[in-house]
Amino acid sequence: MSKDRLISLDVFRGLTILLMTVVNNPGSWSTIYAPLQHAEWHGCTPTDLVFPFFVFIMGTAIAFAMPTKTYDSSTFNKIFVRSLRMINLGLFFNFFGKIQFLDLEGTPLMIIRLLITAIVGYALMGNFNQKTKTYLAIGCFILFMFLAYSGIPAYENVRLPGVLQRIGIIYFIASLLYLKTTPKMQLIVSSVLLLGYWALMTLVPAPGFVITNLEKGTNLATWVDQMVLSEHVWEATKTWDPEGILSTIPAIVTGLLGLQIGQLLNMNISKKSKAQKMLSIGALLLLLGWLWNFVFPINKALWTSSYVLYTAGLATLILTILYYCIDLLNFKKGITLFLVWGVNPMIVFFLSQIIPQALVMILVQNPKDKTPIDFWTYSYEFGVLPHFQNPMNASLVFALLYVGFWSLLLWYFYQKKLFFKV
């Protein structure tokens, strides 16, 4: 790795992406250990840490990607295009399962979808000149919006929000604030956003309700999603989206808190002093998040202000430990696995969930009753499940096998110095 990279940050990113892959790809969604599930509503499990950790890490990385604060039209364009490319990748993930071509079904349609995936992936992650990147990013976004609102039946309910979409928005705002404001001003903005969101969610009732509430489907964030996104929300929730509009406001602060740590790590002070300051900041954020939880419960779906502080505090403490061990003590034994995941996160984000969707389209014969069964389910039910008495263990091992597949692929990319970026 190049000398200007912070190895501990890459390792932290790798740990986060690896955990994401485990929790998103169980053998069966009905047999999952509790820590690998999201909290039912209020509360926080290890799985609920994945998304905010990645946003926090992205914010930290901004300070390393742009150590010299130079703002001009060229810099703005690069930030804008990179943000839009991330948003487009997230949008395409939502469109993938909706793509139709003539009357094709099954494997032939899967091949068409994968060909389109390759084209879109190359357009959005290819190493073109900046002008070409700009045209491709804007063109893809316009195409997705046209399809979503064209009235074409296949796309009338396609989801528009998503993980990468939120990350793209946060990256854009955090990058501009980094270049145009001081760390002190960024903290002021963060405080205003967290307090303002708390006030909105607890003092302003959703139209049609006399009092405010933070329950599923009846809070202000749900109403905003219904009014703006209408049918274009996550199909599992139907009337609101966990990556919806209003909850993106506090999510910006998660990125800004990561940015604060990135700027601290860029300060011209000793590594030991940096670690000590990070330890204090992490503990303070964790305490404030825990205290705020009593009046504004920790909740990932609503991305509550307490959730922001609590998860940012944990992220800071984990990064502190990694920084102290790896960058201060120079202890690097056993980190390569996480490093190969950490330096290539975008390709995993984009493809690790596309592949299962594709394999679901391949139908094979069920050995038990001779009925069709998709290849992804077949691989689990007849390749892994029979070897375990506890189905939860089988489900976890299936996810770990998928992680193993990606680890080998990412190791190959790492050895060949293939890094996929937007």
Side-chain angles (χ1 to χ4, degrees), residues 9 12-13 15-17 19-20 38-39 43-65 83 86-87 90 161-178 181 183 185-198 200-201 221 241-265 278 281-293 296-320 345 349:
L9 188 63
F12 189 18
R13 188 187 297 108
L15 281 164
T16 303
I17 299 296
L19 179 58
M20 177 201 76
H38 290 292
C44 186
T45 72
T47 299
D48 294 314
L49 299 175
V50 172
F51 194 2
F53 276 13
F54 192 81
V55 173
F56 178 93
I57 292 165
M58 179 197 67
T60 306
I62 288 173
F64 288 90
S83 301
M86 284 190 274
I87 291 169
V163 171
L164 283 176
Q165 294 91 310
R166 175 169 282 183
I167 290 173
I169 292 170
I170 296 170
Y171 171 78
F172 179 74
I173 295 173
S175 295
L176 293 183
L177 283 172
Y178 167 68
T181 65
M185 180 55 66
Q186 294 154 23
L187 280 177
I188 293 173
V189 171
S190 298
S191 300
V192 170
L193 291 179
L194 290 183
L195 291 169
Y197 183 66
W198 178 31
L200 279 175
M201 294 297 291
D241 199 287
E243 279 77 57
I245 295 171
L246 202 58
S247 60
T248 298
I249 294 173
I252 294 169
V253 181
T254 301
L256 292 178
L257 291 175
L259 178 60
Q260 290 287 321
I261 298 301
Q263 291 170 109
L264 168 59
L265 287 168
M278 289 168 61
I281 292 170
L284 178 61
L285 290 172
L286 193 63
L287 176 62
L288 291 175
W290 177 75
L291 291 173
W292 209 343
N293 170 64
F296 196 25
I298 292 171
N299 185 300
K300 176 191 176 294
L302 296 176
W303 211 283
T304 52
S305 303
S306 57
Y307 176 73
V308 171
L309 298 180
Y310 182 79
T311 55
L314 285 175
T316 303
L317 292 177
I318 292 173
L319 181 57
T320 302
F349 251 116

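What you see is a predicted model; the values in this text were computed from it and never measured.
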Residue pairs passing the side-chain hydrogen bond (donor to acceptor under 3.5 Å, both in side chains) test where at least one lies in residues 167-178, sequence neighbours excluded: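 Passing the test, one end in residues 167-178: no pairs.
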Residue among N293, L287, L257 satisfying side-chain contact (heavy atoms from CB on, under 4.5 Å) with L309: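 Among the candidates, only L257 passes.
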Identified side-chain contact (heavy atoms from CB on, under 4.5 Å) counterpart of Y197 within the set L302, V253, I252: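 One option only clears the test, and that one is L302.
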May I have all residue pairs that pass salt bridge (Lys or Arg N to Asp or Glu O under 4.0 Å) and include part of [range], sequence neighbours excluded?
range	value
residues 251-265	none
residues 248-261	none
residues 297-315	E243-K300

Atom [atom1] in [X], atom [atom2] in [Y]: separation rounded to 0.5 Å?
X	Y	atom1	atom2	result
I261	T320	CD1	OG1	7.0 Å
Y310	L285	OH	CG	12.5 Å
N299	C44	CG	SG	10.0 Å
L194	W292	CG	CH2	5.0 Å
L284	L288	CG	CG	4.5 Å
L193	T248	CG	OG1	11.5 Å

Stepwise side chain to side chain contact (heavy atoms under 4.5 Å, CB included) check, S305 with M201: CA-CA 10 Å; S305 303; M201 294 297 291; over 6 Å; no
Looking only at non-hydrogen atoms, find the nearest pair between [X] and [Y] and report the distance.
X	Y	result
H38	D48	ND1-OD1, 2.6 Å
T254	P52	CG2-O, 3.4 Å
P242	S247	O-OG, 4.0 Å
G255	V55	N-CG1, 3.6 Å

With sequence neighbours excluded, what pairs up with [X] under the side chain to side chain donor-acceptor pair (under 3.5 Å) test?
X	result
T181	Q186
T47	none
T16	none
T316	none

Donor-acceptor under 3.5 Å (T304 side chain, P297 main chain):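 Such a contact is found between T304 side chain and P297 backbone.
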R13: partners by salt bridge (Lys or Arg N to Asp or Glu O under 4.0 Å), with sequence neighbours left out: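 Applying salt bridge (Lys or Arg N to Asp or Glu O under 4.0 Å) to R13 gives D10.
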Tell me which donor-acceptor pairs under 3.5 Å the side chains of residues 56-64 have, and how far apart each pair is, sequence neighbours excluded?
{"unit_1": "T60", "atom_1": "OG1", "unit_2": "F56", "atom_2": "O", "d": "3.0"}
{"unit_1": "T60", "atom_1": "OG1", "unit_2": "G258", "atom_2": "O", "d": "2.9"}

Under the ring-ring contact (aromatic ring centres under 6.0 Å, His included) test, residues paired with F53 that sit two or more places apart: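 Expected list: F12.
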Side chains of L256 and Q260 in contact at under 4.5 Å (non-hydrogen atoms):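 No - every pair of side-chain heavy atoms lies 4.5 Å or more apart.
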F349 vs M20 side-chain heavy atoms within contact, under 4.5 Å: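 SC-SC contact between F349 and M20 confirmed.
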Set of residues satisfying side chain to side chain contact (heavy atoms under 4.5 Å, CB included) with respect to P46, sequence neighbours excluded: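 Once residues adjacent in sequence are excluded, the partners of P46 under the side chain to side chain contact (heavy atoms under 4.5 Å, CB included) criterion are P35.
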Steps toward side chain to side chain contact (heavy atoms under 4.5 Å, CB included) verdict (W303, R166): CA-CA 12 Å; W303 211 283; R166 175 169 282 183; 3.1 Å; yes
